[in-house]
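Any value given below was found using the heavy atoms of this structure, including those in side chains, with hydrogens, waters and symmetry copies removed. Just so we're clear, the structure is a prediction, and the values are computed from it rather than from any experiment.
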Amino acid sequence: MSSRQEEKEQRRQERLAREAAAAAASKRKRLLQIVGGVVVACAIVAGVVFGLAGGGDDDSDVSVADVAAAAKQAGCEYRSLPNYGQEHEDKEFTAADYKSNPPTSGAHLPPGLEAQAGLYAPDNEPKIGSWVHTLEHGRILFQYRPGTDEKVVSQLESLFNEDVKGSGGAYHSVLMQNNTKMPFAVAAVAWRHYIGCKTLTPAALDALRDFRTALVDKAPELVP
């Protein structure tokens, strides 16, 4: 073979090698695109499933059914109630204005007059119409009967200060003396739900804890 023919053959082989390399690269790129699309699709599906399962903002695996079971085991009363309204009225509300005791929904004081999260000293608790409004914002209210022993209040305060959702403690909660003459020694109240206990036993504390975990931030108006 002449040198000219050899040179021509070499160039042909180099061209074929380049074309083969380009084809292989293109194939790898298409494969990566396919894999990437599958991963994204799986992530989207997983996100939807997680959201439907109660994920997203709620990092809890505690359900309302779990709360009901814990309440029963502790000898407490758990109730899930209808929405009895959420109108704003500038008036002096009393327990008689509500269909449950403690109230879980109903007309309440206007925006700006809602109770803020925190600890309230006995006889300095928010007005009824004020704390019903804060339920509408997804808060949990821990309440105790007037005259409750300081040891019980201290246990509720420890519960109030426990970490929730990585907040470091006292997340979207209120601790206050009840002012509706509720038939319980202690209670936890959320929008449309309450749990009330005749005594604060370790099992009752667990049930109150489950109540907050399951129902905090579950209300018509979620306020940060």
Side-chain angles (χ1 to χ4, degrees), residues 49-86 95 98-106 108 115 117-119 128 131-145 148 152-178 180 182-223:
V49 171
F50 183 67
L52 291 174
D57 290 337
D58 185 10
D59 58 359
S60 161
D61 290 330
V62 180
S63 68
V64 170
D66 294 329
V67 174
K72 184 177 180 180
Q73 183 176 359
C76 301
E77 178 181 314
Y78 165 73
R79 294 192 65 191
S80 177
L81 299 158
N83 181 347
Y84 291 122
Q86 55 201 83
Y98 298 98
K99 296 185 178 182
S100 69
N101 194 1
T104 62
S105 66
H108 47 259
L119 295 166
I128 300 170
W131 62 255
V132 171
H133 190 150
T134 208
L135 294 176
E136 188 184 23
H137 292 179
R139 278 31 176 180
I140 299 297
L141 276 64
F142 295 114
Q143 303 187 355
Y144 54 90
R145 183 183 292 157
T148 295
V152 172
V153 177
S154 179
Q155 289 177 292
L156 289 173
E157 186 171 342
S158 295
L159 175 62
F160 169 87
N161 284 315
E162 287 180 2
D163 179 78
V164 179
K165 295 177 177 286
S167 64
Y171 178 77
H172 287 182
S173 301
V174 170
L175 176 59
M176 58 174 280
Q177 179 175 271
N178 174 266
T180 63
M182 67 178 183
F184 308 108
V186 296
V189 193
W191 184 257
R192 293 185 48 248
H193 303 264
Y194 77 68
I195 179 173
C197 306
K198 297 295 185 182
T199 57
L200 187 62
T201 63
L205 270 173
D206 287 341
L208 294 174
R209 182 180 295 109
D210 285 349
F211 181 93
R212 173 173 58 185
T213 303
L215 293 167
V216 68
D217 294 339
K218 303 292 178 63
E221 298 180 10
L222 180 56
V223 176

**Q.** Residue pair Pro103 / Trp131, side-chain heavy-atom distance below 4.5 Å
**A.** yes
Q. Looking at Ala219 and Trp191, what are the two nearest heavy atoms and their distance?
A. CB-CB, 3.9 Å
Q | Residues Asp217, Lys165; criterion side-chain contact (heavy atoms from CB on, under 4.5 Å); working and verdict | A | CA-CA 11 Å; Asp217 294 339; Lys165 295 177 177 286; 3.7 Å; yes
Q.
Is the shortest side-chain heavy-atom distance between Tyr98 and Thr180 below 4.5 Å?
A. no
Q | Approximate separation, where rounding is to 0.5 Å, of His133 NE2 and Ile128 CD1 | A | 16.0 Å
Q. Does a side-chain heavy-atom distance below 4.5 Å link Leu222 with His137?
A. no
Q) Which pair of non-hydrogen atoms, one from Thr199 and one from Ala204, has the smallest distance, and what is that distance? A) O-CB, 3.7 Å
Q) Taking the side chain from Arg192 and the backbone from Ser80, do they hold a donor-acceptor pair closer than 3.5 Å? A) no
Q) Looking at residues at least two apart in the chain, or sitting in another chain, which of them share a salt bridge (charged side-chain N to carboxylate O under 4.0 Å, His left out) with Asp66? A) none
Q: Of all the heavy-atom pairs spanning Ala207 and Ala74, show the shortest one and how long it is.
A: CB-CB, 4.4 Å
Q. When you measure from the side chain of Thr213 to the backbone N and O of Arg209, does any donor-acceptor pair fall under 3.5 Å?
A. yes
Q: Would you name the heavy atoms of Thr148 and Ala185 that are closest together and state the gap between them?
A: OG1-O, 4.2 Å
Q. Which value, rounded to the nearest 0.5 Å, describes the distance between Leu159 atom CG and Ser154 atom OG?
A. 11.5 Å
Q) Roughly how far, to the nearest 0.5 Å, is the CG atom of Leu135 from the CG atom of Leu141? A) 5.0 Å
Q.
Testing the 3.5 Å rule here: is there a donor-acceptor pair between the side chains of His108 and Glu136?
A. yes
Q | Smallest separation among heavy atoms of Phe211 and Ile195, with atom names | A | CD1-CG2, 3.5 Å
Q) So, Asp206 side chain and Ala70 main chain: donor-acceptor pair closer than 3.5 Å or not? A) no
Q | Phe184 and Tyr194: CA distance, side-chain angles, deciding distance, ring-ring contact (aromatic ring centres under 6.0 Å, His included) verdict | A | CA-CA 11 Å; Phe184 308 108; Tyr194 77 68; 5.7 Å; yes
Q | Student check: side-chain heavy atoms of Thr104 and His193 closer than 4.5 Å | A | no
Q: Please report the closest heavy-atom contact between Ala190 and Leu215, naming both atoms and the distance.
A: CB-CB, 3.9 Å
Q) Does Ser173 reach the main-chain N or O of Tyr171 with its side chain, forming a donor-acceptor pair under 3.5 Å? A) yes
Q. How long is the gap from CD on Glu157 to OH on Tyr144, to the nearest 0.5 Å?
A. 9.0 Å
**Q.** Neighbour count above 12 (heavy atom, 6.0 Å) for Gln73 CD
**A.** no
Q. Quick one: does Cys197's side chain get under 4.5 Å of Tyr78's, heavy atoms only?
A. no
Q | Beyond-backbone contact of Gln86 with Ser105, side-chain heavy atoms, under 4.5 angstrom | A | no
Q: May I ask you to decide if Arg139's main-chain N or O and Arg212's side chain share a donor-acceptor pair within less than 3.5 Å?
A: no
Q | Residue pair His172 / Val216, side-chain heavy-atom distance below 4.5 Å | A | yes
Q: Applying side-chain contact (heavy atoms from CB on, under 4.5 Å), run through Gln177 and Gln143 and close with a yes or a no.
A: CA-CA 5 Å; Gln177 179 175 271; Gln143 303 187 355; over 6 Å; no
Q: State, yes or no, whether a side-chain contact exists between Leu208 and Phe142 at a heavy-atom distance under 4.5 Å.
A: yes
